[in-house]
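In each ligand, atom 1 is the first atom listed, and ligand 1 is the first ligand listed. Hydrogens, waters and symmetry mates are skipped; everything else that's a heavy atom, side chains included, is used.
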Amino acid sequence: MLNFEFKNPTKIIFGKNTIEKITEELPKDAKILMLYGGGSIKKNGIYDQVKSALKDFSVEEFGGIPANPEYETLMDALKIIKEKNIDFLLAVGGGSVIDGTKFLAAAAKYEGEPWDILTKPVRVLEGEALEFASVLTLPATGSEMNSGFVVSRRETKEKLASGGPGLFPKFSILDPEVIKSIPKKQLANGVMDAYMHVLEQYMTYPTLATLQDRIAESILQTLQEVSQPLLNEDYNYDTAGNFMWCCTMALNGLIQKGVPTDWAVHAIGHELTANFGIDHARTLAVIAPSHYRFNFETKKEKLAQYGERVWGITEGSIDERAEKAIQKMEEFFKSLEIDIKLSDYTKDYEGISDKIKDTFIERKMTGIGEHKNLTPDNVKEIVEMSY
Ligand code: NZQ
Ligand code: ZN
């Protein structure tokens with residue numbers, strides 16, 4: 001097991017009817033900006049629940065943050081924060097709204113050009129951002145309990161990540177009942193994203209971090225167990241709750257401690273969203289199988305362990321079990337009705353592998369993955385294997 005430090009200051013308030021608890025958690029004299037997305041919260045009653053909890057607070061609103069939060073839109077929110085002297089942000093939404101809010105929390109106190117926070121990137125330390133909290137409406141990203149965020153700029157087809165220890169939410173409300181109104185496609189995205197978050201921190205090489213491995217495997221198994229009832233049966237509170245808690249646990253920092261992590265699938269996937277607008281989770285389903293096959297030799301022991309412990313594959317050599325494990329993973333993605341080839345999403349992929357290669361070179365991402373040795377040429381090949 002590798003050395004590690006672990007601190008996660010986010011208070012989680014989980015369960016039915018917990019949205020009203022924001023009243024107890026918010027600083028009483030704060031000037032709050034409530035941020036939300038394209039309007040789903042106005043249709044499903046979450047907006048009303050939050051507004052009613054906020055009735056005795058000083059609150060401004062900013063709606064319209066799009067999926068894959070857009071820099072230009074966030075800059076409009078930043079103006080309001082400055083003009084109205086806002087000192088607390090409340091994100092009500094999924095990963096996009098929470099990520100946008102994290103960017104704003106950092107930008108509000110940043111002296112330079114806000115875009116630098118993403119391009120340099122600036123690591124935001126404790127005390128260097130505005131305080132903020134979230135009411136999660138879409139389990140998927142884990143943003144509600146981590147300190148990372150991703151912002152897009154459509155104009156330049158960029159999608160960049162940043163973060164730092166100053167960007168954990170003060171608290172996050174996790175009421176599983178919010179999932180009642182989520183379209184099936186978004187639920188599938190949530191399962192997919194959380195599943196890949198676990199794999200990015202697990203599918204590397206053995207390090208004898210036994211507890212981390214077993215926690216990771218149990219999150220994968222729980223996601224597998226809940227996915228069909230979640231997608232294809234009537235709403236069930238416990239299914240919703242287990243799904244929601246898996247998503248949070250998959251990326252709150254716990255399972256990455258003491259182990260090497262990969263994150264190449266996300267790095268490449270972000271380029272597919274930036275170039276084609278493909279949903280974040282679906283880009284992962286496209287890249288992961290190719291990535292694992294391309295890096296088969298260095299990952300086969302963990303692949304075989306995953307095959308055995310998560311899918312019960314006990315027959316055959318390590319190579320055979322590892323390949324079967326990839327096939328099981330692909331079947332699982334398809335069981336979520338998620339396509340796993342780039343050509344299923346766009347016919348316009350000619351030249352994209354070179355473009356992504358060039359982007360990686362420009363950003364000096366010349367050694368990615370757990371061994372930091374995947375080159376832009378390797379990335380190009382992985383993208384081509386996913387056509
Ligand atoms: O905008 P509204 O109208 O609210 O609709 C949203 C949006 O269209 C809808 N939705 C959310 N809650 C709902 C709901 N619809 C009905 N009922 C509800 N209760 O769902 C759509 C997608 O929402 P979005 O927030 O974009 O999805 P997600 O949570 O998957 O977030 C994706 C973003 O997070 C980033 C991704 O790259 C992407 O930009 N990620 C953030 C990470 C992090 N901070 O740690 C890690 C991830 O790997 C990921 O990169
Ligand atoms: Zn993700």
Name of whichever N/O/S atom of Asp193 is nearest to the Zn ion (ligand 2): OD1
Test of proximity, Gly95 against ligand 1: N or O pairs below 3.5 Å: yes
From CA spacing to verdict: side-chain hydrogen bond (donor to acceptor under 3.5 Å, both in side chains), Asn252, Asn8: CA-CA 8 Å; Asn252 64 2; Asn8 188 318; 5.3 Å; no
N/O separation below 3.5 Å, Pro69 to ligand 1: no
Heteroatom distance test (Ile65, ligand 1): nitrogen or oxygen, under 3.5 angstrom: no
Any protein heavy atom < 4.0 Å from atom 7 (C) of ligand 1: no
Salt bridge Lys257-Glu5, side-chain N to carboxylate O under 4.0 Å: no
Salt bridge (charged side-chain N to carboxylate O under 4.0 Å, His left out) between Glu72 and Arg154, intermediate numbers included: CA-CA 9 Å; Glu72 299 304 329; Arg154 312 264 189 288; over 6 Å; no
Option set Asn68, Ile182, Thr137, criterion heavy-atom distance to atom 12 (N) of ligand 1, minimum: Thr137
Distance-only polar pair, side chains of Glu301 and Gln305, donor-acceptor under 3.5 Å: no
Identity and distance of the protein heavy atom lying nearest atom 15 (N) of ligand 1: Ser40 CB, 3.6 Å
Which N, O or S atom of His197 lies nearest to the Zn ion (ligand 2), by name: NE2
Ligand 1 N/O within reach of Ser181 N/O, cut-off under 3.5 Å: yes
Angle in degrees, rounded to 10°, that NE2 of His266 and NE2 of His280 form at the Zn ion (ligand 2): 100°
Selection from Thr141, Leu187, Asp99 by shortest heavy-atom distance to atom 44 (N) of ligand 1: Asp99
Gly148 to ligand 1, any heavy atom closer than 4.0 Å: yes
Val150, any N or O under 3.5 Å of ligand 1 N or O: no
Option set Leu138, Val97, Asn252, criterion heavy-atom distance to atom 27 (O) of ligand 1, minimum: Leu138
N or O pair under 3.5 Å between Ile41 and ligand 1: no
